[in-house]
*Asks:* 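I am attaching a structure below and will ask some questions about it afterwards.
Small disclaimer: the values here were computed from a predicted structure and weren't measured. Residue numbers count from 1 along this sequence.
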Amino acid sequence: MKDSVELTILMPCLNESETLEACINKALAFLKKRSVAGEVIVADNGSSDGSQEIARKSGARVVNVPERGYGAALRHGSEEARGKYVIMGDADDSYDFSALELFLERLRAGDDLVMGNRFKGGIAKGAMPPLHRYLGNPVLSFIGRLFFKSPVRDFHCGLRGYNAQRIRELDLRTTGMEYASEMVVQATLRGYKISEVPTTLSPDGRSRPPHLRSWRDGWRHLKFLLMHSPDWLFFYPGIFFIAVGLFFSVSLGFGPVMAFGVSFDVSTMLYSVGAVIVGVNLTLFSAYTKIYAAQSRFIPSVPKPFNFFNTEKCVILGMILSILGMSLVGLSVFLWKRESFGELNPARFMRLTIPAMGCLVVGVQIMFAGFFLDILRIEKR
């Protein structure tokens with residue numbers, strides 16, 4: 001049966017009785033007009049308005065999905081698809097299922113993922129809230145391109161097509177609206193062939209509010225992008241904190257510095273060393289995340305720089321920093337002894353004790369980080 005079906009048109013559904021029949025009719029009309037061997041699947045997420053019966057009467061196959069969520073419905077629907085290709089789209093009549101030619105052409109040409117681009121195809125008046133059109137979608141799509149070097153300019157278009165087997169191989173896991181981002185991100189990381197075609201967006205035909213919640217779902221998309229990009233979440237901020245902290249720490253190591261009419265002294269040095277410690281922790285978090293992601297098959301492999309560090313190298317580096325810190329502590333005690341262990345000049349001695357504390361803290365952290373990195377590298381049984 002699967003061999004005879006080229007295209008599955010997949011619609012997630014949760015109480016879409018007002019628009020579902022129109023969407024199915026358009027999809028079936030497309031298959032008939034283009035003589036495409038295909039089917040229409042409605043992945044129902046627990047509708048209570050009779051959507052399932054409407055779908056069956058209209059000629060669609062209903063897949064009941066007990067797990068709630070936009071991503072869960074699409075993932076289960078995709079698993080049940082008989083077609084070599086799948087084109088998914090919302091069942092609210094905002095996308096035109098009778099105009100899927102460009103998607104099918106690109107899929108037949110060998111593309112793994114074909115994204116609709118509403119900004120190229122046209123957004124009808126009232127079809128997209130201004131917050132989504134001018135802030136949410138552009139910003140999140142830009143972040144996706146920046147973090148993952150993805151070619152996609154409309155990350156959240158609900159109309160997209162894909163090679164069913166290739167997408168199943170990605171083992172997508174999210175259940176909510178962030179599923180849209182996960183598909184693009186994982187396809188990009190795996191080097192899939194991705195293209196975009198213009199598509200139109202019309203006002204949906206529902207009288208009820210949409211399931212999408214702007215701030216909640218926008219945050220879920222952003223959190224997903226950050227969690228899957230440890231470079232931008234941890235590594236780059238960590239390097240920034242280390243660089244800024246070291247610059248001020250070294251500058252103040254020989255005495256106060258006047259700048260912009262302000263005198264910077266040991267108090268600033270204390271915050272600077274704190275910035276270095278935070279930066280080191282963030283870069284270590286980046287290494288932990290990348291190794292865990294590779295072991296869990298979220299990413300293909302660990303970048304070479306992160307493979308360089310292991311227990312032995314981290315212990316050596318940590319010991320060097322710890323010895324440097326202890327040396328500064330010893331120098332401080334020696335100078336204190338010269339003062340007969342009496343009252344000290346805080347500004348003078350803190351130029352030694354603050355860097356000493358920083359070296360000791362960072363040294364110990366790096367030593368134990370080496371053990372944790374190798375623990376994360378242990379293969380799962």
*Asks:* Do Asp92 side-chain atoms and Ser94 backbone N/O form a donor-acceptor pair below 3.5 Å?
*Replies:*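 A pair under 3.5 Å: yes.
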*Asks:* Would you tabulate the side-chain donor-acceptor contacts of residues 25-43 under 3.5 Å, counting partners in other chains and residues two or more places apart, or write 'none'?
*Replies:*
from	atom 1	to	atom 2	distance (Å)
Asn25	ND2	Glu21	O	3.3
Lys26	NZ	Asp93	OD1	3.0
Arg34	NE	Glu101	OE2	3.2
Arg34	NH2	Glu101	OE2	2.8
Glu39	OE1	Arg61	NE	3.3
Glu39	OE1	Arg61	NH2	3.1
Glu39	OE2	Thr8	OG1	2.7
Glu39	OE2	Arg61	NH2	3.3
Glu39	OE2	Arg82	N	2.8

*Asks:* For a 4.5 angstrom cut-off between non-hydrogen side-chain atoms, does Leu172 reach Ile167?
*Replies:*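 A side-chain contact under 4.5 Å exists here.
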*Asks:* Do Lys290 and Asp231 have side chains that approach each other closer than 4.5 Å (heavy atoms only, starting at C-beta)?
*Replies:*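 Answer yes - side chains close enough.
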*Asks:* Using ring centroids (six-membered ring only for Trp), state whether Tyr85 and Tyr162 fall under 6.0 Å.
*Replies:*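 Ring centroids of Tyr162 and Tyr85 are no less than 6.0 Å from each other.
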*Asks:* Is there a side-chain contact between Val185 and Leu225 (heavy atoms, below 4.5 Å)?
*Replies:*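 Heavy-atom side-chain distance check passes, below 4.5 Å.
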*Asks:* Pair up each side-chain donor or acceptor in residues 125-143 with any protein partner under 3.5 Å, not counting sequence neighbours, and list the distances.
*Replies:*
from	atom 1	to	atom 2	distance (Å)
His132	NE2	Ser214	OG	2.6
Asn137	OD1	Arg118	NH2	3.4
Asn137	OD1	His156	ND1	3.1
Asn137	ND2	His132	O	3.3
Ser141	OG	Asn137	O	2.9
Ser141	OG	Phe155	N	3.0

*Asks:* When you look at CZ of Arg377, are more than 12 heavy atoms from neighbouring residues, nucleotides or ligands closer to it than 6.0 Å?
*Replies:*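 Correct, the count exceeds 12.
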*Asks:* Considering residues, nucleotides and ligands other than Lys313, do more than 12 of their heavy atoms fall under 6.0 Å from its NZ?
*Replies:*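 Counting neighbours around NZ of Lys313, more than 12 heavy atoms of other residues, nucleotides or ligands fall under 6.0 Å, so yes.
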*Asks:* I'd like to know if the side chain of Arg160 reaches the main chain of Val86, judged simply by a donor and an acceptor atom lying under 3.5 Å from each other, with no hydrogens or angles considered.
*Replies:*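 Not confirmed, Arg160 side chain does not pair with Val86 backbone.
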*Asks:* Counting only heavy atoms not in Phe254 (residues, nucleotides, ligands), do more than 12 fall under 6.0 Å from its CZ?
*Replies:*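 Incorrect, the count does not exceed 12.
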*Asks:* Do the non-hydrogen side-chain atoms of Thr19 and Glu16 ever get within less than 4.5 Å of each other?
*Replies:*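 Contact flag for Thr19/Glu16 side chains = yes.
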*Asks:* Does a donor on one side chain and an acceptor on the other come within less than 3.5 Å for Ser267 and Asp265?
*Replies:*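 The criterion, which ignores hydrogens and geometry beyond distance, is not satisfied for Asp265 and Ser267.
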*Asks:* Taking Phe119's backbone N and O only, do any of them form a donor-acceptor pair with Asn117's side chain (distance below 3.5 Å, no angle check)?
*Replies:*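 A pair under 3.5 Å: yes.
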*Asks:* What orientation do Phe248 and Phe264 show, parallel under 30°, tilted 30 to 60°, or perpendicular over 60°?
*Replies:*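 It falls in the tilted class, 30° to 60°.
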*Asks:* Do the side chain of Thr289 and the main chain of Pro230 share a donor and acceptor less than 3.5 angstrom apart?
*Replies:*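 Looks like no, no N/O pair under 3.5 Å.
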*Asks:* Donor-acceptor pair, distance only, cut-off 3.5 Å: does the side chain of Gln165 make one with the backbone of Lys84?
*Replies:*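 Not at all, since once roles are kept as given, no pair shorter than 3.5 Å links the two residues.
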*Asks:* In the structure I gave you, are the side-chain heavy atoms of Val257 and Ser263 within less than 4.5 Å of one another anywhere?
*Replies:*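 Sidechains of Ser263 and Val257: no contact.
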*Asks:* Using 30° and 60° as the class limits, which term best fits the ring planes of Phe368 and Phe371: parallel, tilted or perpendicular?
*Replies:*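 Ring orientation, 0 to 90° scale: tilted.
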*Asks:* Has the side chain of His221 got a donor or acceptor atom that lies under 3.5 Å from a matching backbone atom of Met177?
*Replies:*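 Flag set: sc His221 to bb Met177 pair under 3.5 Å.
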*Asks:* Is Tyr70 reaching over with its side chain to a backbone N or O of Thr175, donor-acceptor style, under 3.5 angstrom?
*Replies:*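 Here the side-chain-to-backbone pair does not exist.
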*Asks:* Output yes when a side-chain donor or acceptor of Asp154 lies under 3.5 Å from a complementary backbone atom of Met115, and no otherwise.
*Replies:*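 Looks like no, no N/O pair under 3.5 Å.
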*Asks:* Tell me, do Leu373 and Asn310 make a side-chain contact under 4.5 Å, heavy atoms counted?
*Replies:*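 Of all side-chain heavy-atom pairs linking Asn310 with Leu373, none is under 4.5 Å.
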